[in-house]
Student: 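Below is the structure I would like to discuss, written out as structure tokens.
FYI, side chains are in, hydrogens and waters are out, and symmetry mates aren't considered; it's all heavy atoms of this structure.
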Amino acid sequence: MGTLGAALLAASHAEARIALPLLAALCLLGLYDLSQRRHAILRNYPVIGHLRYILESIRPEMRQYFFENDQDEEPFSRDERTLIYQRAKNIEDARPFGTRKPVYDAGYQWLTHSVLPKTIAGSDFRVTIGGPDCKRPYAASIYNISAMSYGALSDNAILALNRGAKAGGFAHDTGEGGISAFHLQGGDLIFEIGSGYFGCRDAAGHFDPEAFREAAAHPQVRMIEVKLSQGAKPGLGGVLPAAKITPEIARARAVPMGVDCISPRAHSAFSTPLELMEFLATLRRLSDGKPVGFKLCIGHRREFMCLVKAMLATGITPDFIVIDGKEGGTGAAPLEFANHMGMPLIEGLTFVHNTLRGAGLRDRIRLGASGKLVSAFDIAKAMALGADWANSARGFMFALGCIQSQSCHTNRCPVGVATQDRMRARALVVPDKAERVANFHRNTLHALAEITGAAGLDHPGEFRPHHLMLREKDRNVIVGNQVYPELPVGFLLEGRDEGAGYLARWRRADPASFRPTDDGV
């Protein structure tokens, strides 16, 4: 008993050494909670009130892993993410026991198939980008990595994306953050130029022709893209705080250390449609004839028609236009912008496609589409409605291992994709993730080949609106070309009214100015 009593006494002393400091800490926390003035809950419920904030902080994870339906899009459903993970890991992506989709509910969509399906031997589908004035056209894959800047993504993420693009033979858009050393891994690059002209700017932040010439001359740079706006936050600039700027970011963007990196709302190199066309011609000349185009999220439709009229007036046409849907976006944006600014991809794409047809320019200009295009069906639908190729940002982020924690803007990405924290970024093992990026691309295009053949077609570019069926209401099915018709070539030039306000906007559009001639948009 003496030995047992001594042991119990020692244990009680050990517990006291732990409990007393803990109790003292809780008492101090309670006193602080009672005296602080920011949180009413903590003033009324000291100490225990912190449980509310702990539960709130893990709510997204709890919902995603335990309560979310597989079809819920927040913003990507569990089914979509699982499909990408399976294809990236090169494992079986088939599903037994039929569809889980509510096929008789409004909003359900499908593609029509043929009784004479075809077998397509390969799935390395290509589209040649480069109009009459382009000396160095590019045979691009029809599925590429959309714009994500170094700085928004970690060095390991950029390394893996570019090595994956090299292995798979597809393109990697640099985003507006310039070309970093991590981009130069051999994968084809689309050099994006934003309003900050990062990577091709002078000390005052204006476009520097010689800096651009040097960057564009790199053999990995295959196309040049001017960003007018982006889906997540059209019409909004951005700031990369000085505290987040590393020496590598400063070199890629050609900005100084210790100063906030500002991306203005609008470009300084041009302010009218005619000036933009001249700017594109300058970029084409400085890049020695590489394909040049622009990206935008459609806003005022008349303004896009101003651009088309400027093309006709100058004879200068972009080699390509990328339409970014408002549902796109890897970066953080104010809620009002994310939810209520900009046109969704389908409406933007069909409007641009038909406007170019109406002006007789569609055969000179290739169209890219971006905005939640992660499956073969997504790509086929976009191509049916006017796209020549598709881009994806978040799809390739998932291939890298993104778990949709939605913490991209906090610098605390748990898997090392969207962070500049070296310890977090080291979790992303570049060789493994590069292979997954290439796998995701290859397997997605293989699936696209399968559904293209099932439709009796030879190439995904042959999909048209009539191949798409939509359930508008319960029991009410409509064909895609009833909702998204392809309007006649030249109808705007001929002054024919094909509905939907095209001709009225066309008549108000001015190639010399983006400003409206009346109150219409």
Student: Could you list the residues that satisfy ring-ring contact (aromatic ring centres under 6.0 Å, His included) with Phe182, not counting sequence neighbours?
Tutor: Tyr150
Student: Checking side chain to side chain contact (heavy atoms under 4.5 Å, CB included) for the pair Leu307/Phe294: CA distance, chi angles, key distance, verdict?
Tutor: CA-CA 11 Å; Leu307 292 174; Phe294 60 85; 4.0 Å; yes
Student: Using side-chain heavy atoms (C-beta onward) and a distance below 4.5 Å, is Leu400 in contact with Val437?
Tutor: yes
Student: First locate atom CD of Glu435, then atom CG of Asn439, and finally report the distance between them rounded to the nearest 0.5 Å.
Tutor: 5.0 Å
Student: What are the two closest non-hydrogen atoms of Ala438 and Ala167, and how far apart are they?
Tutor: CB-CB, 4.1 Å
Student: Looking only at non-hydrogen atoms, find the nearest pair between Leu280 and Pro318 and report the distance.
Tutor: CD1-CB, 4.0 Å
Student: Between Thr82 and Asp79, is any side-chain donor less than 3.5 angstrom from a side-chain acceptor?
Tutor: no
Student: Measuring from Ile298:CD1 to Thr350:OG1, what's the distance to the nearest 0.5 Å?
Tutor: 10.0 Å
Student: Please report the closest heavy-atom contact between Lys326 and Pro344, naming both atoms and the distance.
Tutor: CG-N, 3.6 Å
Student: Can you see which heavy atom on Ala369 is nearest to which on Leu345, and at what distance?
Tutor: CB-CD1, 3.9 Å
Student: Arg366 side chain to Ile129 main-chain N or O, any donor-acceptor pair under 3.5 Å?
Tutor: no
Student: Do Asp155 and Arg422 sit within salt-bridge range, that is, some charged N less than 4.0 Å from a carboxylate O?
Tutor: yes
Student: For the residue pair His441 and Phe170, does the interplanar ring angle fall in the parallel (under 30°), tilted (30 to 60°) or perpendicular (over 60°) class?
Tutor: parallel
Student: Roughly how far, to the nearest 0.5 Å, is the CG atom of Asp363 from the CZ atom of Arg357?
Tutor: 10.0 Å
Student: Go through it in stages, so that I can follow the logic: the residues are Met305 and Thr355, the test is side chain to side chain contact (heavy atoms under 4.5 Å, CB included), and I'd like the CA-CA distance, side-chain angles, deciding distance and then a yes or no.
Tutor: CA-CA 7 Å; Met305 288 183 165; Thr355 298; 3.9 Å; yes
Student: Taking the side chain as every heavy atom from C-beta outward, state whether Ser141 and Arg126 have any pair of such atoms under 4.5 Å apart.
Tutor: yes
Student: Leu159 versus Gln185: any side-chain heavy-atom pair under 4.5 Å?
Tutor: yes
Student: Quick check: does any side chain N or O of Lys309 sit under 3.5 Å from a backbone N or O of Trp506, one acting as donor and the other as acceptor?
Tutor: yes
Student: With a 4.5 Å cut-off on side-chain heavy atoms, are Pro488 and Glu494 touching?
Tutor: no
Student: Going by side chain to side chain contact (heavy atoms under 4.5 Å, CB included), Leu296 matches just one of Val322, Asp324, Ile321, Val226. Which one?
Tutor: Ile321
Student: Determine, for Lys372 against Glu327, whether the closest basic-nitrogen to carboxylate-oxygen distance falls under 4.0 angstrom.
Tutor: no
Student: Using a distance-only test with no angle check, is there a side-chain donor-acceptor pair under 3.5 angstrom linking Asp188 and Tyr138?
Tutor: yes
Student: Taking atom CG of Leu153 and atom SG of Cys402, what is their separation to the nearest 0.5 Å?
Tutor: 10.0 Å
Student: To the closest 0.5 Å, what do you measure between CG (Asn162) and NE2 (His172)?
Tutor: 6.0 Å
Student: Donor-acceptor check, side chain of Asn354 to backbone of Pro485, threshold 3.5 angstrom: yes or no?
Tutor: yes
Student: May I ask you to say whether Lys118 pairs ionically with Asp458, meaning some side-chain N is under 4.0 Å from a carboxylate O?
Tutor: yes
Student: Going by heavy atoms in the side chains, are Arg436 and Lys89 under 4.5 Å from each other?
Tutor: yes
Student: Is a side-chain donor or acceptor of Arg424 paired with a backbone partner of Arg412 at a separation under 3.5 angstrom?
Tutor: yes
Student: Output all residues satisfying ring-ring contact (aromatic ring centres under 6.0 Å, His included) with His353, sequence neighbours left out; order by chain, then residue number.
Tutor: none
Student: What I'd like to find out is whether the side chain of Ser123 reaches to under 4.5 Å of the side chain of Leu448, using heavy atoms alone.
Tutor: no
Student: Kindly say whether Leu373 contributes a backbone atom to a donor-acceptor pair with the side chain of Tyr143 at under 3.5 angstrom?
Tutor: yes
Student: Identify the heavy atoms of Val477 and Met469 that sit nearest to each other, and give their distance.
Tutor: CG1-CE, 3.5 Å
Student: Quick one: does Ser149's side chain have a donor or acceptor within less than 3.5 Å of a partner on Glu176's backbone?
Tutor: yes
Student: Surrounding CZ of Arg52 (heavy atoms of other residues, nucleotides or ligands, distance under 6.0 Å), is the total greater than 12?
Tutor: yes
Student: Any sub-3.5 Å donor-acceptor pair from Arg302's side-chain atoms to Phe514's backbone N or O?
Tutor: yes
Student: ring-ring contact (aromatic ring centres under 6.0 Å, His included) with Phe491: which residues, sequence neighbours excluded?
Tutor: Tyr502
Student: Measure the CD-CZ distance between Gln404 and Phe76 for me, rounded to the nearest 0.5 Å.
Tutor: 7.5 Å
Student: Any sub-3.5 Å donor-acceptor pair from Gln230's side-chain atoms to Cys297's backbone N or O?
Tutor: no
Student: Looking at His459, I want to see if its NE2 is surrounded by more than 12 non-hydrogen atoms of other residues, nucleotides or ligands under 6.0 Å.
Tutor: yes
Student: Backbone N or O of Gly186 within a donor-acceptor pair of the Gln220 side chain at under 3.5 Å?
Tutor: yes
Student: Starting from the C-alpha separation in whole Å, work towards a yes-or-no answer on side chain to side chain contact (heavy atoms under 4.5 Å, CB included) for Val417 and Lys433.
Tutor: CA-CA 11 Å; Val417 175; Lys433 302 306 183 185; over 6 Å; no
Student: Could you tell me if the side chain of Leu83 sits less than 4.5 Å from the side chain of Val374, heavy atoms only?
Tutor: no
Student: Keeping the roles fixed (side chain from Arg442, backbone from Leu445), state whether a donor-acceptor pair exists under 3.5 Å.
Tutor: no
Student: Closest approach of Cys134 and Lys290, non-hydrogen atoms and distance?
Tutor: SG-C, 4.0 Å
Student: Walk me through whether Thr444 and Arg87 qualify under side chain to side chain contact (heavy atoms under 4.5 Å, CB included).
Tutor: CA-CA 7 Å; Thr444 301; Arg87 287 179 173 167; 3.9 Å; yes
Student: Do the non-hydrogen side-chain atoms of His467 and Leu457 ever get within less than 4.5 Å of each other?
Tutor: yes
